[in-house]
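Below: one structure, written as structure tokens.
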Number of protein chains: 2
Amino acid sequence: MDVRSLQLFLTLSDTLSFSRTAEQRHLSLSTVSRALQRLEDEVGQRLLERDKRTVRLTLAGERYRDYAISTLAEWQRLLGDLRPHSGDLRGEVRVYCSVTASYSVLSPILEQFRRDFPRVEILLRTGDYADAVARVQSGQEDISVVARPDKLAAALEYQTLQHSPLQFIAPAFPCAVVEQLQQLQQLISQEQDFSWAEVPFIVSERGLSKDRLDQWFRSRGERPRIYAQVAGHEAIAAMVGLGLGVGVVPELVLHNSTFRDKLQTVAARPRLGEFPVGLCALKQRLDNPLVAAFWQVARRSYATPI
Amino acid sequence: MDVRSLQLFLTLSDTLSFSRTAEQRHLSLSTVSRALQRLEDEVGQRLLERDKRTVRLTLAGERYRDYAISTLAEWQRLLGDLRPHSGDLRGEVRVYCSVTASYSVLSPILEQFRRDFPRVEILLRTGDYADAVARVQSGQEDISVVARPDKLAAALEYQTLQHSPLQFIAPAFPCAVVEQLQQLQQLISQEQDFSWAEVPFIVSERGLSKDRLDQWFRSRGERPRIYAQVAGHEAIAAMVGLGLGVGVVPELVLHNSTFRDKLQTVAARPRLGEFPVGLCALKQRLDNPLVAAFWQVARRSYATPI
DNA sequence: TATTGTATTGCAAAAAATGCAATACAGTAT
DNA sequence: ATACTGTATTGCATTTTTTGCAATACAATA
């Protein structure tokens, strides 16, 4: 019994669907399945009756649901009571992130932070996430939202907040690129040879998503046909949304893109894996009470997303 | 926030001592220290004020304590409500374990089991724990209390319940063995060469504790002087208690031995590590509802020891 | 009969928890 | 003074747990 599993169970009992729960919680189907197995194991009772097509609460499940609701409420109350009430702290914190992150990842944090520290100003700068680590290291920013670096400099502190799978995206309207993909799709279903090397790609100049895509092509023994190299995921989404080619972005970016309904995902194999999003700061800077406070608030916002 | 940490915190707030908490909960000091750090991190507040000599609850700590108490109470109530009330199940379950285990490990399980399944008879046989796995495999017993085997046959299911560190034990009264140990102790404190090869050892015929001791001697490049080989930890404790030599038993056995006050532990380096105690059954046999019920009850008794 | 949508499971990789040993510090004994 | 004892924290390696991917299994639908 812990916060995460209780929340998971509530989502399950709401949706009565493992797959939708997985989606909503940004988890894989197997994770959800196993998490529920653990819960059932822990209480020694089946909580959800499932028979291949439908899922519904057992009696024990209903009881558990009540329990989960009240326990989470208590937990929220506790967090509320214990919230550091430093309304008198004042100053500023410099934060850097991508445009997408500013309203997807950062907005719940900012909201909470403003409530707890109304006197502290947030100087928010946005730009390519690939610059984020460098800007923190150089001292230009206190905190950045970044993809977790493979190697973390010892002077840096990092904290994962969220994961988002990297997705291939393509235009969602008839155009040359889409036709090409459909042909490819046919070859795949007929188990014939096929090649991604002809498809025009919009790629990042650098950063984790570029690395992953490079690796993906290497693993297939092919080389991408690069239509354009741009800075930032938003730019990729934009260009793909204009029908210029295929690209790779974290699902997070896709969901928040203004081009969302002009874009579709492509189920290319193997998958590109998860894109871990988190905060990064100089350890040294975390001594600063304001920076530390921001860090704390961020962690807590993500420990208990409603 | 989960059951274990809440319990840990309650123990901490009771004892106001990390070391006593570690002892009571059978954990290492570092585990306790880190567990509390996690809790504090999670709520973003210090819960215990500690200043090198004393530990006391902060205001946040008191609030947390209330929370922990009521949350655990709710949890217990949930478990009570969900307890399978199969008072009508009847039959028998054959259980095998060492003498020590029968009252240390098994007794809370049996108590609970009898409450939930009053009509089910437990056929309890005791003997050397080294036989436990074999007896389950041969179908002689349904469930055994065993030390976790290094390699687990695929047909077997195993479930850890508890850990107990292996301890060197010696007589606690003046005798030849003790004198010898004292001389050894002196050499150690003077950082001179010393050898365990002269000390008479009472060892198991087989089993995990024998393997660990063998390995210990190998790592020192010595060979033990074996005074006696016996079957079962209780027998070792008895012979050591009679002043015949030095032995190795899980702390669990030591604490429950009738010779307890005639025995002392010896802090030999390196340590022998933990002795994992758990249940073992044929996967097949777990299909039997009675056996499964016992298994369940056992797990639950240990998931939430008061 | 193929296809789609759903949950479970084997397996390997990632993350978290744990214990040991080393360290640091303040009383207490020598 | 100095060594010793009891206490909590920290670096590191190990173990345990959780996770995701891919494969599997099954039923409803096309």
Side-chain angles (χ1 to χ4, degrees), chain A residues 2 4-5 8 12 15-23 25-42 46 48-56 148 150 152 154 158-160 162-166 185 189-190 216 219 251 267-276 278 303, chain B residues 2 4-5 8 12 15-23 25-42 46 48-56 148 150 152 154 158-160 162-166 189 251 267-276 278 303:
Chain A
D2 66 304
R4 282 179 64 84
S5 356
L8 192 76
L12 265 172
T15 61
L16 293 177
S17 151
F18 285 58
S19 27
R20 262 176 293 154
T21 301
E23 216 171 322
R25 288 248 100 98
H26 303 291
L27 296 169
S28 78
L29 192 51
S30 76
T31 301
V32 176
S33 174
R34 285 207 162 91
L36 181 67
Q37 285 167 20
R38 277 197 297 276
L39 287 187
E40 295 186 323
D41 215 44
E42 200 175 20
R46 216 135 235 254
L48 294 179
E49 193 63 50
R50 31 216 200 275
D51 58 357
K52 285 296 172 197
R53 291 316 285 160
T54 49
V55 173
R56 65 180 201 283
R148 187 188 53 200
D150 286 336
L152 197 60
Y158 170 83
Q159 166 68 240
T160 300
Q162 213 185 333
H163 291 260
S164 185
L166 282 171
Q185 207 57 43
S189 65
Q190 293 160 25
W216 188 83
S219 78
E251 199 168 76
R269 292 306 171 86
R271 307 221 184 144
L272 290 166
E274 297 279 326
F275 185 87
Chain B
D2 65 305
R4 284 181 63 84
S5 356
L8 191 77
L12 266 172
T15 62
L16 292 179
S17 152
F18 284 59
S19 26
R20 262 176 293 154
T21 300
E23 217 171 319
R25 288 249 100 100
H26 303 290
L27 297 169
S28 78
L29 193 50
S30 75
T31 301
V32 176
S33 173
R34 286 208 162 92
L36 182 67
Q37 285 167 20
R38 277 197 296 275
L39 287 187
E40 295 185 323
D41 216 44
E42 200 174 23
R46 209 131 240 258
L48 293 179
E49 194 63 51
R50 32 217 199 275
D51 59 357
K52 287 296 172 198
R53 289 317 283 161
T54 49
V55 173
R56 64 180 201 283
R148 187 187 52 198
D150 286 336
L152 196 59
Y158 170 82
Q159 168 68 240
T160 302
Q162 214 185 333
H163 291 260
S164 184
L166 282 171
S189 67
E251 199 168 76
R269 292 308 170 90
R271 307 221 184 145
L272 289 167
E274 296 279 327
F275 185 86

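A note on names: the letters A, B, ... follow the listed sequences, proteins ahead of strands, and every chain is numbered from 1.
At least one side-chain nitrogen or oxygen of A:Arg38 sits closer than 4.0 Å to the OP1 or OP2 atom of D:dT19. Taking only side-chain nitrogens and oxygens, B:Arg4 comes nearer than 4.0 Å to OP1 or OP2 of C:dT18. A close approach under 4.0 Å does occur between a side-chain nitrogen or oxygen of A:Gln37 and OP1 or OP2 of C:dT9.
Rounding to whole angstrom units, CZ of residue A:Phe18 and C1' of D:dC26 are separated by 15 Å. Spacing between atom CG of A:Leu36 and atom P of C:dT8 amounts to 7 Å, rounded to whole angstrom units. Atoms CZ (A:Arg25) and P (D:dT19) sit 12 Å apart, rounded to a whole Å. A:Leu8 places its CG atom 14 Å from the C1' atom of C:dA7, with the value rounded to the nearest Å. Atom CZ of B:Arg50 is separated from atom C1' of D:dG6 by 17 Å (rounded to the nearest Å). Atom-to-atom, CZ of B:Arg56 to P of D:dA8 comes out at 14 Å; the value is rounded to the nearest Å. Taking atom CH2 of A:Trp216 as the reference point, atom P of D:dC21 lies 15 Å away to the nearest angstrom. Per the geometry, NE2 belonging to B:His163 stands 15 Å off P belonging to C:dA17, to the nearest Å.
Rounding to the nearest 0.5 Å gives a distance of 7.5 Å between CG of A:Leu39 and CG of A:Leu8. Note that CZ of B:Arg4 is 13.0 Å distant from CG of A:Asp2, once rounded to the nearest 0.5 Å. A distance of 13.5 Å separates CZ of B:Arg34 from CG of B:Leu27, quoted to the nearest 0.5 Å. Put simply, CD on B:Glu23 and OG on B:Ser19 are 7.5 Å apart, with the number rounded to the nearest 0.5 Å.
For B:Arg20, the salt bridge (Lys or Arg N to Asp or Glu O under 4.0 Å) criterion is met by no residue, not counting sequence neighbours. For A:Asp41, the salt bridge (Lys or Arg N to Asp or Glu O under 4.0 Å) partners are B:Arg299, not counting sequence neighbours. The side-chain contact (heavy atoms from CB on, under 4.5 Å) check on B:Pro276 picks up B:Arg148, B:Tyr158, B:His163, B:Leu208, with sequence neighbours excluded. By the salt bridge (Lys or Arg N to Asp or Glu O under 4.0 Å) test, B:Glu251 is found to be paired with no residue, residues two or more places apart in sequence or in another chain being considered.
Helix bend of the helix from C:dT1-D:dA30 to C:dT30-D:dA1: the angle between its two end axes, each built from five pairs, comes to 0° after rounding to 10°.
The 5' end of DNA chain D is approached more closely, in terms of each residue's nearest nucleotide, by B:Thr160 than by the other of A:Leu27 and B:Thr160. Between B:Pro276 and B:Leu29, the one whose closest nucleotide on DNA chain D sits nearer the 5' end is B:Leu29.
Looking at A:Arg50, its side chain does come within 3.5 Å of a backbone N or O of A:Leu48 through a donor-acceptor pair.
Closest heavy-atom contact between B:Ser17 and B:Thr21: O-OG1, 2.7 Å.
Residue B:Ser33 places its side chain closer to D:dT9 than to any other of C:dA7, C:dT8, D:dT9.
B:Arg148 comes within 4.0 angstrom of sugar-phosphate atoms only, judged by non-hydrogen atoms across all strands, and of no base. Within 4.0 Å of A:Val32, counting heavy atoms only, lies no atom of the nucleic acid at all.
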Sugar-phosphate or base contact per nucleotide [nucleotides 20-29 of chain C; S, B, -; heavy atom under 4.0 Å]: BS---SSS--
